[in-house]
Amino acid sequence: MEGVTDKLTNYQQIVQQLLMGYALSKPAYGEIEVETIFDTQRNHYQIVHLGWQHKRWVHDCVIHLDIRNYKIWIFYNSTEHDIAADLVDLGVPKQDIVLGFHPPFMREMSDYAVG
């Protein structure tokens, strides 16, 4: 059981490190804040942009990752970052990364986990 706990802790640290790095990039437009949201109890991780662009309120989730069953699920990515490739570069095996924004039949055609 300790190996599973170590894996979860490692993935939590990797995801947080990755998102903290991404959050350093502030949008070039508007008065936008970049927030990282880490729910380590339920393993939900997000980057949110909020603020004003011209006279319009902006509140967008730009990245959403979860850790489920010891796999990192990428649910949403509206950035230019290749999150899956960056996770692999940080030592996460492809079989532990799920492209959750694709339906299961499409995931079967990727090098990543189905679910």
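FYI, side chains are in, hydrogens and waters are out, and symmetry mates aren't considered; it's all heavy atoms of this structure.
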Members sharing I32's hydrophobic cluster (side chains within less than 4.5 Å): Y29, V58
Distance check, rounded to the nearest 0.5 Å: L99 atom CG versus S110 atom OG? 5.0 Å
Scanning both residues in full, the closest heavy-atom pair of K71 with G115 reads CE-O, 3.4 Å
Under the ring pair (Phe, Tyr, Trp, His ring centres under 6.0 Å) test, which residues partner H49, sequence neighbours left out? none
Share the residues that join W57 in a hydrophobic cluster, the rule being Ile, Leu, Val, Met, Phe, Trp or Tyr side chains under 4.5 Å apart at the heavy-atom level. I37, V48, L50, W52
Looking at every non-hydrogen atom in both residues, tell me the closest pair between V34 and A23 and how far apart they are. CG1-O, 3.6 Å
Report yes if some heavy atom in the side chain of L8 is under 4.5 Å from a heavy atom in the side chain of Y70; otherwise report no. yes
Answer with yes or no whether the hydrophobic clustering places I63 together with I14; edges join I, L, V, M, F, W, Y residues whose side-chain heavy atoms lie under 4.5 Å apart. yes
Residues pairing under side-chain hydrogen bond (donor to acceptor under 3.5 Å, both in side chains) where one sits in residues 95-104, two or more places apart or in two chains, turn out to be K7-D96, Y11-D96
How long is the gap from CD on Q12 to CD1 on I67, to the nearest 0.5 Å? 5.0 Å
Scanning both residues in full, the closest heavy-atom pair of C61 with S78 reads O-OG, 4.4 Å
Run the salt bridge (charged side-chain N to carboxylate O under 4.0 Å, His left out) test against D89 and tell me which residues pass, sequence neighbours left out. none
Show the nearest heavy-atom pair for residues L19 and I47, with the distance to one decimal. O-CD1, 3.5 Å
Pairs flagged by salt bridge (Lys or Arg N to Asp or Glu O under 4.0 Å) wherever residues 22-34 is involved - sequence neighbours left out: none
Spell out, yes or no, whether L65 and V62 are grouped together once hydrophobic residues are joined by side-chain heavy atoms under 4.5 Å, including indirect joins. yes
Got a sec, which hydrophobics cluster with F105, joining ILVMFWY side chains under 4.5 Å apart, including via others? M106, M109
What's the separation between atom CD in Q13 and atom CG in L18, rounded to the nearest 0.5 Å? 13.5 Å
Value rounded to 0.5 Å, distance of CZ in F38 from NE2 in H44: 14.0 Å
Please examine the side chains of Y112 and I74, heavy atoms only from C-beta on, and report whether any two atoms are closer than 4.5 Å. no
Salt bridge (charged side-chain N to carboxylate O under 4.0 Å, His left out) involving R56 - partner list, sequence neighbours excluded: none
Extract all donor-acceptor atom pairs below 3.5 Å that involve side chains of residues 81-88 and protein atoms in other chains or at least two apart in sequence.
| from | atom 1 | to | atom 2 | distance (Å) |
| --- | --- | --- | --- | --- |
| D82 | OD1 | A85 | N | 3.2 |
| D86 | OD2 | Y22 | OH | 2.5 |

I'd like to check the salt bridge (charged side-chain N to carboxylate O under 4.0 Å, His left out) partners of R68; sequence neighbours left out, ordered by chain and number. D66
Report yes if some heavy atom in the side chain of Y45 is under 4.5 Å from a heavy atom in the side chain of T40; otherwise report no. yes
Using the rule that Ile, Leu, Val, Met, Phe, Trp and Tyr join whenever any side-chain heavy atoms are under 4.5 Å apart, tell me whether V98 and L90 fall into a single cluster. no
Salt bridge (Lys or Arg N to Asp or Glu O under 4.0 Å) contacts in which one or both residues fall within residues 37-53, not counting sequence neighbours: D39-R42
Residues at least two apart in sequence or cross-chain that pass ring pair (Phe, Tyr, Trp, His ring centres under 6.0 Å) with F75, listed by chain then number, are H64, W73
